[in-house]
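The structure appears below as structure tokens.
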Amino acid sequence: MARKILIGDVIQIVTARGIAYAQFTHKHQRFGSLLSIFAGFYDNAPKDFSSIVSNSPAFHTFFPLQSALNEGLFSVVANVAVADRNKPFPMFRSRVIGADGQAGPWWLWDGQKEEMLRRDLTDTEKHYSLRGIISAPLLVERIENGYRPETHSV
């Protein structure tokens with residue numbers, strides 16, 4: 001069993017394209033561990049992880065981190081202070097697709113309040129990550145494929 005996760009933990013994710021890194025930046029009461037996923041693949045671990053986690057994340061996602069670490073799927077390789085740019089809780093977007101395939105309105109969420117939009121997303125809002133908890137295979141797939149929220153329309 002892995003040690004208890006701490007804010008600032010840097011997570012090593014082995015993919016078919018190389019090693020990727022994420023950081024545990026926030027704990028949400030309802031959705032759990034929030035990971036900031038950083039772009040780039042590495043053949044070897046860098047000497048200084050702060051150079052990676054000081055960047056803007058490629059995307060954010062909620063993820064059952066403690067369970068994945070306990071199962072040995074990923075590992076904690078460092079604990080680094082969350083960069084100032086990544087300390088604010090990020091905005092998320094979501095929408096429901098009905099059984100008939102019709103898309104409902106977009107919703108924006110700041111971790112506490114939700115706002116329904118009666119319009120299309122702005123270019124800035126298209127960069128907000130999708131709210132939800134994803135699995136380890138989906139996380140790895142998204143990293144390997146260079147996933148970006150602005151290309152995911154739901």
Side-chain angles (χ1 to χ4, degrees), residues 1-97 103-104 106-112 114 121 123-154:
M1 184 155 174
R3 71 164 175 76
K4 185 173 176 1
I5 55 175
L6 301 170
I7 297 294
D9 280 351
V10 178
I11 312 304
Q12 178 175 282
I13 302 168
V14 177
T15 76
R17 296 187 59 197
I19 300 168
Y21 294 97
Q23 187 176 37
F24 173 38
T25 58
H26 298 83
K27 177 81 173 178
H28 190 269
Q29 184 176 359
R30 180 173 167 210
F31 287 91
S33 303
L34 177 61
L35 292 182
S36 294
I37 311 300
F38 297 94
F41 297 97
Y42 301 81
D43 294 327
N44 301 301
K47 293 190 185 328
D48 179 17
F49 288 99
S50 61
S51 63
I52 294 173
V53 300
S54 64
N55 294 315
S56 290
F59 65 97
H60 303 278
T61 191
F62 290 102
F63 179 74
L65 180 59
Q66 188 69 63
S67 295
L69 294 172
N70 290 348
E71 293 175 24
L73 299 177
F74 305 133
S75 58
V76 175
V77 292
N79 185 281
V80 177
V82 176
D84 287 345
R85 74 180 335 153
N86 298 326
K87 284 182 181 176
F89 195 88
M91 289 290 289
F92 285 85
R93 62 187 170 109
S94 63
R95 77 183 332 175
V96 174
I97 307 295
W106 282 106
W107 291 81
L108 300 183
W109 180 68
D110 67 2
Q112 296 177 356
E114 220 170 8
L121 294 172
D123 288 341
T124 298
E125 292 163 346
K126 288 177 185 174
H127 286 81
Y128 297 162
S129 293
L130 292 168
R131 183 177 65 183
I133 302 169
I134 67 172
S135 66
L138 181 56
L139 177 59
V140 170
E141 177 185 311
R142 285 184 175 179
I143 292 169
E144 288 176 343
N145 292 332
Y147 173 84
R148 300 296 291 207
E150 60 270 24
T151 62
H152 193 140
S153 62
V154 179

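Nothing fancy with the numbering, it's 1 onward along the sequence.
- The closest side-chain heavy-atom distance from Leu34 to Phe89 is below 4.5 Å.
- Atom CD1 of residue Ile143 and atom CZ of residue Phe59 lie 5.0 Å apart, to the nearest 0.5 angstrom.
- A donor-acceptor distance shorter than 3.5 angstrom exists from the side chain of Gln66 to the backbone of Arg3, with no hydrogens or angles considered.
- Within the cation-pi definition used here (under 6.0 Å to the ring centroid, within 45° of the axis), Arg142 qualifies as a partner of Tyr147.
- Side-chain contact between Tyr21 and Val77: present, with at least one pair of heavy atoms (C-beta onward) separated by less than 4.5 Å.
- Contact of the Ser36 side chain with the Val53 side chain is not registered, since no non-hydrogen atoms from C-beta on lie closer than 4.5 Å.
- Using a 4.5 Å heavy-atom threshold, the side chains of Ile52 and Val10 count as separate.
- In this structure, Phe74 and Leu35 have side chains that are not in contact, with every pair of non-hydrogen atoms separated by 4.5 Å or more.
- Between Phe92 and Phe31, the ring center distance fails the sub-6.0 Å criterion.
- In this structure, the side chain to side chain donor-acceptor pair (under 3.5 Å) partners of Asp48, at least two apart in sequence or on a different chain, are Ser50.
- Here the CG atom belonging to Asp43 is positioned 12.0 Å from the CZ atom belonging to Arg17, to the nearest 0.5 angstrom.
- Once rounded to the nearest 0.5 Å, the distance linking CH2 of Trp109 with CE of Met91 reads 10.0 Å.
- Side chains of Thr15 and Phe41 form a contact here, defined as non-hydrogen atoms less than 4.5 Å apart.
- Within the 4.5 Å cutoff, side-chain heavy atoms of Leu139 are placed close to those of Ile37.
- Distance check, rounded to the nearest 0.5 Å: CZ of Arg30 to CD1 of Ile133 gives 8.5 Å.
- Pro90 has its side chain within reach of His26: a pair of non-hydrogen atoms, C-beta onward, lies under 4.5 Å apart.
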